[in-house]
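Here the structure comes first, spelled out in structure tokens, and everything after it is commentary.
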Amino acid sequence: MNDTILHFYRGTKGMGIVISLTYGHERIILDFGAPFSPLSEIYDGTVRIRNENKVTDALSIGRIPEVPGVFSIEDLKDYPFLSYEECDLNTAVFISHLHLDHMSEIDKLAPEIPVYIHEDGIKLYEALYHTGLQENFRSCHSFSYQKQMQIGKICITPFFSDHPCPGSSGFLLKTPDATVYYSGDIRFHGMKAEEAFSVLDDLEKEKIDLLIVDATTTSPSEFHLDPSLYSFPSKHLLPGSVSEQNIYDHIFSTLKGYDGIGVFNQYERDTSMMKHMIELGKKLDRNVFFEPEFAYILKQMHGIEVPVLNEADIKEIRKHPSKYLLQNSYRNILALSDFDGIEGEYYHLFGEPLVEGTKNWNVMRNVVEKLHWRFHSFSNLYSFSHAYPNQLAYMIEKIGAKSVVAVHSKHPENLPSSKSDQFFPREDKDHLLKNGELTEI
Ligand SMILES: [Zn+2]
């Protein structure tokens, strides 16, 4: 039967995305990540992962959804489920970016299934694995922006997205009877906002039947302002919104002419921020030191050599703290004790711990307080990494798809209304996409 069938395995109620689009015997799976739930995560580093049972364990605790035909017979053991070997679909998996809620489970897929990641994403994946910051690894194929690929009768074109993770992509999928755009994670207030907006000009020209869009900031619990006040379409940053540039400006103004040390904590997967911190160091006439893992990632991703902190530097920094800016990860927070007694400013730039309200967040705050340093944080992770509601509304209006499905949000019903009809697909059902309408089958 040649119809375009969509299945939203995960992502219609929150983070962690797994969506399939099938046409005939061809199937594209968009992202393959576990839900992001920092307060109830079982794989928290304490519980031992049983590698020999990794697929069946992940299926039974719901870490991965039951997608038929993607797990090998060997991994499924006695788990009663259609294996890769027994399935007649030709499957390819496309990953929008390297954040865990989009790709953490790809190591569980049968090795024969091709997984595609943007060329910069693959570089990051390899660098993270090399440094031990990515636990598991599987081989992947690369793609470039705007380069069309053909999987059977399905044509897929990746587009740039200005999410903080390198190689972030959205995907335009065309079957003989439907056109779908999956946005991946998006925002329009990063350092490449103009490029992100220009993608909308390209998408506007396509006759898109269904837009599957990242709507994270429609949830009041995740947006740092009141989303309802920001839900009318506008390209601009409204009062209260924080841009990435605003953050660098704040760091610059608080460190300029300041006698103490500057310390920042950022996420190893968001490498463009590392580059900007190096530039900021130059402007402030401060040497920027990175931990060895971050230095390695910077070298691999951007060809930049940066100094790594050693014992001799610590003495020097204590003598002249105003000449230094240090990257520090939460796992190495005790290294800050070396600077006890000197003044400091600590900037939480969305590194681990990622969100407020977790135990580790409180520990981080305690350490900074004991050092008598000033703690700076900005909006929150969700607002920093995802489109503000007014820009999301602008995007939806501009693309002008016949219909829309909000994903990556706990409250998809809060999606700003538009000319696109909103559908709320159930996660356990197939849906037929015909003439821009999604119908459960
Ligand atoms: Zn995400």
Side-chain angles (χ1 to χ4, degrees), residues 8-20 29-41 43 62-65 93-106 115-118 120-121 124-125 128 133-134 158-171 181-190 192 196 199 211-219 221-224 227 244 266-273 349-356 358 379-389 391-392 395 405-412 414-415 427:
F8 296 81
Y9 287 96
R10 175 165 288 160
T12 64
K13 299 178 196 109
M15 280 161 235
I17 305 275
V18 182
I19 300 166
S20 78
I29 294 179
L30 300 163
D31 285 338
F32 209 72
F36 176 63
S37 45
L39 295 177
S40 57
E41 176 55 60
Y43 289 22
R63 190 173 168 82
I64 41 177
V93 177
F94 281 79
I95 299 300
S96 65
H97 63 289
L98 260 269
H99 283 162
L100 295 171
D101 62 318
H102 297 260
M103 56 70 71
S104 64
E105 308 308 301
I106 58 174
V115 175
Y116 292 84
I117 301 181
H118 185 275
D120 290 344
L124 175 63
Y125 187 40
L128 288 167
L133 294 172
Q134 165 74 40
F159 283 87
F160 169 80
S161 156
D162 190 25
H163 197 52
C165 194
S168 292
S169 307
F171 300 110
Y181 189 70
Y182 166 53
S183 72
D185 283 359
I186 42 147
R187 63 174 183 163
F188 299 93
H189 56 272
K192 292 187 173 170
V199 166
L211 169 65
I212 303 167
V213 72
D214 161 17
T216 309
T217 58
T218 54
S219 300
S221 56
E222 279 149 14
F223 183 49
H224 78 290
E244 188 174 342
Q266 64 162 133
Y267 193 40
E268 58 262 16
R269 291 176 191 246
D270 296 347
T271 62
S272 74
M273 280 198 99
L349 298 183
F350 313 99
E352 307 250 23
L354 301 174
V355 291
E356 249 182 289
T358 53
S379 57
N380 63 26
L381 178 71
Y382 310 109
S383 305
F384 174 69
S385 307
H386 301 275
Y388 286 124
Q391 293 181 324
L392 173 63
M395 174 188 184
V405 169
V407 292
H408 213 277
S409 167
K410 283 184 200 148
H411 292 281
N414 291 348
L415 192 75
E427 291 192 342

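Order of appearance sets the numbers: ligands from 1, and atoms from 1 within every ligand.
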Separation between CZ of Phe32 and CZ of Arg10, rounded to the nearest 0.5 Å: 8.5 Å
Side chains of His411 and Phe223 in contact at under 4.5 Å (non-hydrogen atoms): no
Check: Asp214/His386 side-chain N/O donor and acceptor closer than 3.5 Å: yes
Return all side-chain donor-acceptor pairs below 3.5 angstrom for residues 163-170, not counting sequence neighbours, or 'none' if the list is empty.
residue	atom	partner	partner atom	Å
His163	ND1	Ser385	O	2.8
His163	NE2	His97	NE2	3.4
His163	NE2	His99	ND1	3.0
His163	NE2	Asp185	OD2	3.4
Ser168	OG	Cys165	O	2.6
Ser169	OG	Gly167	O	2.9

With His408, the side chain to side chain contact (heavy atoms under 4.5 Å, CB included) member among Thr216, Ile212, Thr217: Thr216
Ring centers of Phe94, Tyr116 separated by less than 6.0 Å: yes
Around the Zn ion (ligand 1), number of protein N/O/S atoms which are nearer than 2.8 Å: 4
